[in-house]
Amino acid sequence: MADATMQHDPLAGLNERQREAVTAIDGPVLVIAGAGSGKTRVLTERIAHLLRDHGVAPWEILAFTFTNKAAREMKARLERSCPGALEALWVGTFHATGVRILRRHGGASGVGRDFSIYDADDSLGVVKQILSDHVMDAQVARSPRALRDRISRYKNDLVTPEQVLESARNRIDEKIALLYREYERTLRRNNALDFDDLIARVVELFATSDEARAAYARRFHYILVDEFQDTNPIQMAMIDGLSSHHRNLFVVGDDDQSIYSWRGARVRHILEFEDLYAGTRVIRLEQNYRSTQTILDAANQVIAHNVGRKGKNLWTDGERGERIGLIASMDEEGEAVNVLQVVRELVEGGVKLRDIAVLYRTNAQSRSLEDVLKMGSLPYQIVGGVRFYERTEVRDVLAYCKVLVNPADSVNLRRIINVPRRGIGKATAERLEALAAEKGTTVIDLVRAGAPEITGAAATRLAEFARLYAELERFAAQHVAPQVVERIVEATAYMRHLKEHTADHESRVENVEEFISAAHAFAESAEDKSLRAFLEEVALVADIDAVDLESGQLTLMTLHNAKGLEFDAVIVTGLEEGLLPHYNSIDDAEAVEEERRLFYVGMTRAREHLYLSWANMRRRLGQIEGGIPSRFLHEVPDACLAHPLGSMVRATSGGRGMLDFGGDEPAAQVHPDYESMSQEVGAAGATPRAAGASGTAPSYRVGMRIRHRSYGGGVVRRVEGSGEHTRVTVIFDSGGERKFLAQFAPMRPTR
DNA sequence: TGGTAGAGGCTTTTT
DNA sequence: GCCTCTACCA
């Protein structure tokens, strides 16, 4: 063991508190880990310490992370510090771990081992199907989405349909309880589990079979939980079922970073952990290794406005650092242009593009940023928004896969039975479903059996579909995931369907191709290359899992997605009343505190440079609304700001125009003199500012020949807008057509 | 049964 | 402002 320690000492380079956390082996431990205090490191080193210095076997350890990405990274780090034998170590999200347990315990969870995993969209399909099959109160049926969310909340709070029914106070509540019950039945009939079930069924399994529970509790001697502040009751029940026996439960979290209460997470779990687990050792990590003192001071001051917290104060040995920049803009487009300008200045100042993040409260805010970025030449990646696997064309192909793996899946069968169109209309589909219900069989079995009740033209078409399905089924039985996916696309002539029936078929075809590539990529790395395994991976991936922070691109994402990440420079945008804090939270003191935590999470992502941005006007749902600078801005001490907030607010409140910051200033500073800034504002319409200090952008005319740094020569086809909003559409000699923002595009006229 | 146009909802955040 | 669903007609 001495040798092992020589190779890698898990305790080297840790501070006293971190060391204490790593070496507190037995019994419950609660680590309150402030932002940037090295909690990931503590978690990994603790596992390494258990493995190397305490003779713990890898299969005795179970660690829960918040994302698959975090799990992957933790495993990679461990592979470096203690190579080998990590196969047996369980590190994953609650959902992924739930699936692992449920696949092993097949029937115990009320579904077969080959169950489908329903995502939010599938669940919504179930709710809609129930609403259309059963005549429901108009009031109940109004919002299927809200109903689905409500069912999800019930499940996360361990509330059964029966309990909802008992506590129902009116007819509507009763109807909802019945709908919830029917939803659960439908899922079982379809041999499907939704996201919440992946954890709920494990809890149920533990409750009904003490044998199963004890087997896991005995196996996993050491349980670790990351991001503990974001666990919800059902996850807590799972943790408790696994650890109540030996009580070797190590949880790490930060009550100030609890931002998932809407998903049922309870800060209570961290605040009351000591009461739940008697004899808990509490360790606080408050030394921050990430941010400058200025950023920490600002974040500390902001979060101090919250009442419901344990209280902590982050400090650092490091530099005071530069002050926080403010970006005030006229509207969201101006904000986007200013943000791009600041990014350019940062890059000129030596910050790498991949170390810069632009954060926002809602996905919708990414649009204006993206519009501007598209026309510039900065490579960027957007995390989230319309998710890849939620696109119609991808879901269609996915639905074929799901039905092939689990033929009882009537929701997805309904999706594909007439896609591409094959003349099996709504009437026939509903007839089949009614027949199946009547006979106590499944739709697919009726299709396979040829359903004698269906006659005429519909019968012929149904027979054709049955033939197609049988062929795919035969093929799927003998081939791996990528081959099956390709076969589906081919046999259904899906690409032709896209070309004939959709307007934007080019990008749709690309998406389907990307889906096929994803299947190939999966098959290259996965051990189990089956379609079922592929579907499982697809179901559990989150957008953030795919983010490549090494890719050299600027990253745009929501504040929620930024949790756990860090960047040299962070720009938090949309700091306006109504956006941050959001409208839906503004009237509720507790909800506002969560919004403040969200802001706090955003601020503490930054290592050196932090910018806060707001706009005076913003389009929301097609309406233009006035933006009042967020109350949170006023909570940042003036001493931390590069400019007094008051002057910046006054400068923009008249709505005179977009503020422009001088390109000659060092990266961290906004324009030093707001008076001169205002003058520039007045002139902004006439003379666009070029990026950096290179003077004004060239003026473009239609027909002019240009040369672009990346795309080469081309001809100007259109010129729109004026001043810094000027957009130029260029047809390149290489064939492509592109649109640029004149002031930023690296191109010039050639004659 | 399939195509189209208009209405209506949505957007807070996601495993 | 955009997407999805519904109603109605061919």
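Residue numbers begin at 1 in each chain, while the letters A, B, ... track the order of the sequences. For the numbers below, each heavy atom of this structure counts, side chains included, while hydrogens, waters and symmetry mates do not.
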### Task
Report the distance from atom NZ of A:K69 to atom C1' of B:dT15, rounded to the nearest whole Å.
15 Å
## Note on the structure
Side-chain atoms of A:R421 come closest, of B:dG2, B:dT14, B:dT11, to B:dG2
### Query
Under the criteria of a ring-centre distance below 5.5 Å and an interplanar angle below 30°, is A:F195 stacked with the base of B:dT15?
yes
### Query
Are A:K39 and A:D254 ion-paired here, with the side-chain N under 4.0 Å from a carboxylate O?
no
### A:R467 with A:E464: basic N within carboxylate O range, under 4.0 Å
no
## Note on the structure
Residue pair A:Q235/A:H582 against DNA chain B: nearer the 5' end by closest nucleotide is A:H582
### Task
May I have the distance from A:L198 (atom CG) to B:dT14 (atom P), rounded to whole angstrom?
19 Å
### Task
Using atom NE2 of A:H560 as one end and atom C1' of B:dT11 as the other, report the distance to the nearest whole Å.
13 Å
#### Entry: Rounded distance (Å) that lies between atom P of B:dT14 and atom CZ of A:F66
10 Å
### Query
Looking across every strand, which nucleic acid part, if any, lies under 4.0 Å from A:D119 by heavy atom: base, sugar-phosphate, or nothing?
nothing
### Task
Look at the rings of A:H269 and A:F228 and say which category their plane angle falls in: under 30° parallel, 30 to 60° tilted, over 60° perpendicular.
tilted
### Task
Assign A:T428 to base, sugar-phosphate, or nothing according to its heavy-atom contacts below 4.0 angstrom with the strands shown.
sugar-phosphate
### Query
So among A:L598, A:L612, A:V572, A:L580, which one has a side-chain contact (heavy atoms from CB on, under 4.5 Å) with A:F632?
A:L580
### Message
Do the side chains of A:E184 and A:K155 get close enough for a salt bridge, i.e. N-O under 4.0 angstrom?
### Response
yes
### Task
Give the ring-plane orientation class for A:F465 versus A:Y469, where under 30° counts as parallel, over 60° as perpendicular and anything between as tilted.
tilted
### Message
I need the CG-P distance between A:N584 and B:dT11, as an integer number of Å.
### Response
10 Å
#### Entry: Atom pair distance, as rounded to whole Å: CG in A:L559 and P in B:dT14
10 Å
#### Entry: Proximity to the side chain of A:T93 - top-ranked nucleotide from B:dT1, B:dT11, B:dT15
B:dT15
### Task
Anything under 30° is parallel, anything over 60° is perpendicular, the rest tilted; go ahead and classify A:F534 against A:F515.
tilted
### Task
Using a 4.0 Å cut-off on protein heavy atoms (strictly under), produce a 5'-to-3' string for nucleotides 1-10 of chain C with B for base contact, S for backbone-only sugar-phosphate contact, and - for none.
BS--S-----
### Query
Heavy atoms under 4.0 Å, any strand shown: does A:N68 hit a base, just sugar-phosphate, or nothing?
nothing
### Task
To the nearest Å, give me how far apart CD1 (A:I417) and C1' (B:dT1) are.
14 Å
### Query
Do A:E625 and A:R619 have side chains that get closer than 4.5 Å, going by heavy atoms?
no
### Query
Counting any heavy atom closer than 4.0 Å, what does A:N363 reach on the DNA or RNA strands: base, sugar-phosphate only, or nothing?
sugar-phosphate
### Message
Is the base of B:dT13 stacked against the aromatic ring of A:W262, taking ring centres under 5.5 Å apart and planes under 30° as the test?
### Response
yes
### Query
So, is A:N232 near the phosphate of B:dT15, with a side-chain N or O under 4.0 Å from OP1 or OP2?
no
### Spacing of the P atoms in C:dT4 and B:dT13 (rounded, Å)
16 Å
### Query
Within less than 4.0 Å of OP1 or OP2 of B:dT14, is there a side-chain N or O belonging to A:N561?
yes
### Task
Would you mind classifying the nucleic acid contact of A:A427 as base, sugar-phosphate or nothing, using non-hydrogen atoms under 4.0 angstrom?
sugar-phosphate
### Task
Starting at atom CG of A:D149, determine the distance to atom P of B:dT13, rounded to an integer number of angstrom.
12 Å
### Task
Tell me which of A:I424 and A:Y583 sits closer to the 5' end of DNA chain B, going by the nucleotide each one is nearest to.
A:I424
